[in-house]
J.: 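My structure is below; once you've seen it, I'll send some questions.
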Protein chains: 2
Amino acid sequence: MTHMPVDSPSRDRIIHPATDTLDLATVMRAVGDPLRLAIVRLLADGKERTCNDLQQALGLPASTGSYHLRLLREAGLTHTRPHGTQRITSLRRADVEHRFPGLLQVLTR
Amino acid sequence: MTHMPVDSPSRDRIIHPATDTLDLATVMRAVGDPLRLAIVRLLADGKERTCNDLQQALGLPASTGSYHLRLLREAGLTHTRPHGTQRITSLRRADVEHRFPGLLQVLTR
DNA sequence: TCCATAGTTCCAAATATTTCGAAAGATTGG
DNA sequence: CCAATCTTTCGAAATATTTGGAACTATGGA
């Protein structure tokens, strides 16, 4: 039997909070760390990035980068999707803008 | 000799960071706590409040309230001025808006 | 199947934050 | 000066966050 295609619905899903459950204090706490704020700003150009991209850009060990990316994802700021052996992270621009209008502007100007 | 008048320039000054030195991550961290976010929201009506007002409103012991008010003040979100035996805190609305346009709207809507 | 790659999770240590009672400081009125 | 009031600071415990190496998992290519 051949392998499942990339991004198959049958693979373990990465959990993302629903847009309308995002909590402002939780989001603020997430970006209240300089490293995580830097990640959000890197992602603000709308391009997707692998974990490695972000870890390299900030000079972090893999486990540390993974930890911070998890907090951003759980706060609802980012979306991560599997792609082969990589995971690709992007800013949840529309969702965050919908839930907290103006916030991204504040974070990224 | 009679006492100095209230708010005399000679009394120990409460330290507030200059508007143009406010740090976004520090501000975000400050409001990333539910208690402190609640304080900011109470102050968002523009009225000044004593420490006691705020502690009562949130059911906090005095020392806990004082701690959180200090963090908000040091982050640059609030201004505190002495008035008799009390200290009166207000939101640094114009300063925060000038430094981080749109942030207060996000925090208080 | 075996291997290399990408990323996560586990774990423990280091550090930081939060809490609140007790003590101390500051100010006013008497 | 004294007492009352409001607030801050101290100190110590509880809790939470951050860090990064090592082990583990998942995937795709050979």
Side-chain angles (χ1 to χ4, degrees), chain A residues 1-16 25-26 28-39 48-75 78-89, chain B residues 1-16 25-26 28-39 48-75 78-89:
Chain A
M1 174 187 177
T2 161
H3 289 234
M4 297 294 266
V6 158
D7 294 8
S8 158
S10 76
R11 79 144 40 71
D12 285 345
R13 284 334 222 120
I14 298 167
I15 296 168
H16 295 87
T26 303
M28 291 313 204
R29 175 164 292 209
V31 294
D33 177 276
L35 239 37
R36 291 191 295 264
L37 181 55
I39 293 172
E48 296 183 315
R49 282 179 178 77
T50 65
C51 298
N52 213 319
D53 288 340
L54 295 167
Q55 287 153 9
Q56 299 289 333
L58 298 171
L60 302 175
S63 57
T64 300
S66 189
Y67 167 73
H68 287 291
L69 285 175
R70 178 168 65 80
L71 291 196
L72 287 172
R73 177 166 50 77
E74 289 176 351
T78 58
H79 183 270
T80 297
R81 110 187 123 77
H83 179 258
T85 67
Q86 324 192 94
R87 295 200 168 193
I88 299 192
T89 294
Chain B
M1 174 191 175
T2 162
H3 290 234
M4 298 295 265
V6 158
D7 293 9
S8 157
S10 76
R11 78 143 43 71
D12 285 345
R13 279 345 217 115
I14 298 168
I15 295 166
H16 295 88
T26 302
M28 291 312 202
R29 175 163 292 209
V31 295
D33 177 277
L35 240 37
R36 292 192 294 266
L37 181 55
I39 293 173
E48 297 184 314
R49 283 178 177 77
T50 65
C51 298
N52 214 320
D53 287 341
L54 295 166
Q55 287 153 9
Q56 299 289 331
L58 299 171
L60 302 175
S63 56
T64 300
S66 188
Y67 166 73
H68 288 290
L69 285 175
R70 177 167 66 80
L71 292 195
L72 287 172
R73 175 166 51 76
E74 289 176 351
T78 58
H79 183 271
T80 297
R81 107 189 125 74
H83 179 260
T85 67
Q86 322 190 97
R87 297 203 168 190
I88 298 190
T89 293

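These numbers come from the heavy atoms of this one structure, side chains and all, not from hydrogens, waters or symmetry mates. Chain letters run A, B, ... following the sequence lines, proteins first, then strands; residues in each count from 1.
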J.: Answer with base, sugar-phosphate or nothing: what part of the nucleic acid does Leu60(A) contact at a heavy-atom distance below 4.0 Å?
T.: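 Nothing, no heavy atom under 4.0 Å.
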J.: In whole angstroms, how far is the P atom of dT27(C) from the CD1 atom of Ile88(B)?
T.: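 Rounded to the whole Å, the gap is 14 Å.
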J.: Want to settle it: does Gln86(B) or Tyr67(A) sit nearer the 5' end of DNA chain D, counting the closest nucleotide to each?
T.: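 Between the two, 5'-proximity favours Gln86(B).
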J.: Nearest to the side chain of Arg70(B) - dT18(C), dT9(D), dC20(C)?
T.: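 Output: dT9(D).
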J.: In whole angstrom, give the distance that lies between atom CD of Gln55(A) and atom C1' of dG20(D).
T.: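 Between C1' of dG20(D) and CD of Gln55(A): 12 Å.
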J.: Atom CE of Met28(B) and atom C1' of dT17(C): how far apart are they, to the nearest Å?
T.: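 Spelled out: CE on Met28(B) to C1' on dT17(C) is 20 Å.
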J.: Looking at Thr85(A) and dG7(C), is any side-chain donor or acceptor paired with a base atom of the opposite kind under 3.5 Å?
T.: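 Result: no qualifying N/O pair found.
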J.: How long is the gap from OG1 on Thr89(B) to CD1 on Ile14(B), to the nearest 0.5 Å?
T.: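 Rounded to the nearest 0.5 Å, the OG1-CD1 separation comes to 8.0 Å.
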J.: Does the base of dG21(D) carry an N or O that pairs as donor and acceptor with the side chain of Ser63(A) under 3.5 Å?
T.: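 For Ser63(A), whose side chain was compared with the base of dG21(D), there is a donor-acceptor pair (under 3.5 Å).
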J.: Whole-Å distance between dT8(C) P and Arg81(A) CZ?
T.: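 Distance check: Arg81(A) CZ to dT8(C) P gives 14 Å.
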J.: Tell me which nucleotide among dT18(D), dG7(C), dT7(D) gets nearest to the side chain of Cys51(A).
T.: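 For the Cys51(A) side chain, the nearest candidate turns out to be dG7(C).
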J.: Look at all strands and tell whether Arg29(B) reaches a base, only sugar-phosphate, or nothing, counting heavy atoms closer than 4.0 Å.
T.: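 Sugar-phosphate: the residue Arg29(B), judged by heavy atoms under 4.0 Å, touches backbone atoms but no base.
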J.: For the side chain of Asp33(A), counting heavy atoms from C-beta on, which of dT18(D), dG7(C), dT8(D) is nearest?
T.: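 From the listed options, dT18(D) comes nearest.
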J.: Spell out, as yes or no, whether a donor-acceptor pair under 3.5 Å connects the side chain of Thr78(B) to the backbone of Arg73(B).
T.: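 Such a contact is found between Thr78(B) side chain and Arg73(B) backbone.
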J.: Round to the nearest Å and state the distance from Arg87(A) atom CZ to dT9(C) atom C1'.
T.: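 That distance rounds to 11 Å.
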J.: Between Asn52(B) (CG) and dC6(D) (P), how many Å, whole number?
T.: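 Those two atoms, CG and P, are 6 Å apart.
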J.: Taking atom C1' of dT25(D) as reference, at what distance in whole Å does atom CD1 of Ile14(A) sit?
T.: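 Roughly 13 Å, once rounded to whole Å.
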J.: Determine whether His68(B) and Ile39(B) make a side-chain contact, defined as any pair of heavy atoms from C-beta on separated by less than 4.5 Å.
T.: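 A side-chain contact exists here, since the closest heavy-atom pair is under 4.5 Å.
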J.: Is the shortest heavy-atom distance from the side chain of Leu69(B) to the side chain of Arg36(B) under 4.5 Å?
T.: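 No - every pair of side-chain heavy atoms lies 4.5 Å or more apart.
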J.: Can you see if the side chain of His68(A) gets near the phosphate of dT19(D) - specifically, an N or O under 4.0 Å from OP1 or OP2?
T.: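 Yes, within the criterion.
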J.: Name the residue closer to the 5' end of DNA chain D, choosing between Thr50(B) and Leu35(A) according to the nucleotide with the nearest heavy atom.
T.: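 Final value for this comparison: Thr50(B).
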J.: Name the nucleic acid region contacted by Leu69(B), choosing base, sugar-phosphate or nothing; use a 4.0 angstrom heavy-atom cut-off, strictly under.
T.: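 Nothing, no heavy atom under 4.0 Å.
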J.: Between Leu54(B) (CG) and dC6(D) (P), how many Å, whole number?
T.: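 Distance, rounded to whole Å: 14 Å.
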J.: If you find the nucleotide of DNA chain C closest to Asp53(A) and the one closest to Thr64(B), which residue's nucleotide is nearer the 5' end?
T.: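 Per heavy-atom nearest nucleotide, the more 5' residue is Asp53(A).
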J.: How far does CG of Leu71(B) sit from OG of Ser66(B), to the nearest 0.5 angstrom?
T.: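 Going from CG on Leu71(B) over to OG on Ser66(B), the span is 10.0 Å.
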